[in-house]
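This is a predicted model, so every value here is computed, not measured.
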Amino acid sequence: MISEKLKKGALLIAEPSIMGDLSFNRSVVLLADHNEEGSVGFILNKPLEYTIQDLIPEIHSKFKIYNGGPVEQDNLYFIHTVPEMIPNSIEISNGIFWGGDFDSIKELINDGKISRNNIRFFLGYTGWEAGQLEREMMASSWILSRNIYENKIIAKSTTNFWKEKIVELGGDYLIWSNAPENPILN
């Protein structure tokens, strides 16, 4: 059963067939939580034009902000690898943590104690109600993948991340790896 394979810390790679979906076309999502009530994830490879300083001027840093998903895009979320520095963090898996005390983060970034390799910020998140992600998996909207990068995924370049994951799948997916994002441009 798919729900037995879905778990926190896994990656969801958007199937090439969902190209028409503006939110998820060519997305790689880190599943931050999955339980009987639903699922939460963050799109890892959709950088926005904003930096953290654009949104929070008292943070003196140019860390990129990513589109985490279509839900609550007016809220800032973050994942990180330094729970010992950020109180109230929740472990996702493999040394990746979600949330925590934001005042600590502001201070740590301004003091140069956290680098962009330790934290990633998102506007919004991706959410599924109970059973919704399982239905999407059965409809072949997502490909489930193990997070081989573990906590180093935060520092992973996002430029060709979806393409890299599609190439890893091989077979019929290889043809999609070089297809243009917008097929009309082909």
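- Here the rule is side chain to side chain contact (heavy atoms under 4.5 Å, CB included) with F122, and of I65, L44, L30, L76 only L44 fits it.
- N110 contributes a side-chain N or O that, together with a main-chain N or O of H60, makes up a donor-acceptor pair within less than 3.5 Å.
- R146 CZ: 12 or fewer foreign heavy atoms inside a 6.0 Å radius.
- Between E15 and R26 there is no salt bridge, since no side-chain nitrogen of the basic residue lies less than 4.0 Å from a carboxylate oxygen of the acidic one.
- Within 6.0 Å of atom CD in E49, 12 or fewer heavy atoms from other residues, nucleotides or ligands are found, so the atom counts as exposed in its surroundings.
- With sequence neighbours excluded, the residues that form a side-chain contact (heavy atoms from CB on, under 4.5 Å) with D33 are K8, N35, V40, W98.
- Aromatic pair Y149/F161: ring centres closer than 6.0 Å.
- Aromatic ring orientation, F42 versus Y77: tilted (interplanar angle from 30° to 60°).
- With hydrogens and angles ignored, the 3.5 Å screen pairs a side-chain donor or acceptor of S115 with a backbone N or O of N117.
- Around the CD atom of Q73, the shell of radius 6.0 Å holds more than 12 heavy atoms that belong to other residues, nucleotides or ligands.
- Under a 3.5 Å cut-off, the side chain of H80 and the backbone N or O of I96 do not form any donor-acceptor pair.
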Steps toward salt bridge (charged side-chain N to carboxylate O under 4.0 Å, His left out) verdict (K163, E168)
CA-CA 9 Å; K163 181 178 178 175; E168 283 176 21; over 6 Å; no
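- Linking ILVMFWY side-chain heavy atoms closer than 4.5 Å, directly or via other members, places Y125 and L48 in two distinct hydrophobic clusters.
- The cationic group of R120 does not satisfy the cation-pi geometry with F78, failing either the under 6.0 Å distance to the six-membered ring centre or the 45° limit from the ring axis.
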